[in-house]
Amino acid sequence: MPALDCLKIIQGRDTMFQRSRPVAQQMNSDTLTLADLRPEQQGEIVKIETEDGVFKRRMQSLGVVAGTPVTLDRSAPLGDPRIYSLMGYSLGLRNAEAQQIRIRLK
């Protein structure tokens, strides 16, 4: 069955089977999470979205602040954790942590 036919079938089902939009589109259309960054892309930190003050302060002390350029260097074979490059060093984050950091693509 062609991919478009499958998509029509998925879209035509009741709400129990509806596909949700990607997280990046649900939150804000001009920003993504750090976990959405691909190897060929470069982003700029926008903000840290978390209620966990300890995590937020730790990230800020490591240079994860608004305006900082960031790139994805590499990821583990199963995609978690990932190694990001920012401010001249490498930072390893789990995807759950990277999803709390909003970026804008450059």
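All values below were derived from every heavy atom in this structure, side-chain atoms included, with hydrogens, water molecules and symmetry-related copies excluded.
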What heavy-atom pair brings Pro69 and Gln42 nearest, and what distance separates the two atoms? CB-NE2, 3.5 Å

Would you call Ile101 and Val70 a side-chain contact if the rule is heavy atoms closer than 4.5 Å? no

From Glu49 atom CD to Arg102 atom CZ, the distance as rounded to the nearest 0.5 Å: 5.0 Å

Val64 vs Leu91 side-chain heavy atoms within contact, under 4.5 Å: yes

Rounded distance (nearest 0.5 Å) linking atom CE of Met87 with atom CD1 of Ile45: 11.0 Å

Roughly how far, to the nearest 0.5 Å, is OG of Ser90 from CD1 of Ile83? 6.5 Å

Any residue meeting salt bridge (Lys or Arg N to Asp or Glu O under 4.0 Å) with Arg57, in chain and number order, not counting sequence neighbours: none

ILVMFWY network linking Tyr84 to Tyr89, side-chain heavy atoms under 4.5 angstrom: yes

Flag the pair Arg82 / Asn95 as yes when at least one side-chain heavy-atom distance between them is below 4.5 Å, and no otherwise. yes

Leu86 pairs by side-chain contact (heavy atoms from CB on, under 4.5 Å) with which of Leu34, Val65, Thr68? Thr68

Around atom CZ of Arg58, are there more than 12 heavy atoms of other residues, nucleotides or ligands at under 6.0 Å? yes

As an exercise, state the distance from CZ of Arg104 to NZ of Lys47, rounded to the nearest 0.5 Å. 10.5 Å

State yes or no: do Ile103 and Leu62 share one hydrophobic cluster built from I, L, V, M, F, W and Y residues joined by side-chain heavy-atom distances below 4.5 Å, directly or via other members? yes

How many angstroms lie between atom CD of Gln41 and atom CZ of Arg38, to the nearest 0.5 angstrom? 7.0 Å

Note, Leu105 side chain near Asp30 side chain (heavy atom, < 4.5 Å): no

Please report the closest heavy-atom contact between Leu93 and Pro81, naming both atoms and the distance. O-CB, 3.3 Å

Are there over 12 heavy-atom neighbours, none belonging to Glu40, within less than 6.0 Å of that residue's CD? yes

Residues forming a side chain to side chain contact (heavy atoms under 4.5 Å, CB included) with Thr50, sequence neighbours excluded: Ile48, Asp52, Phe55, Lys56, Gln100

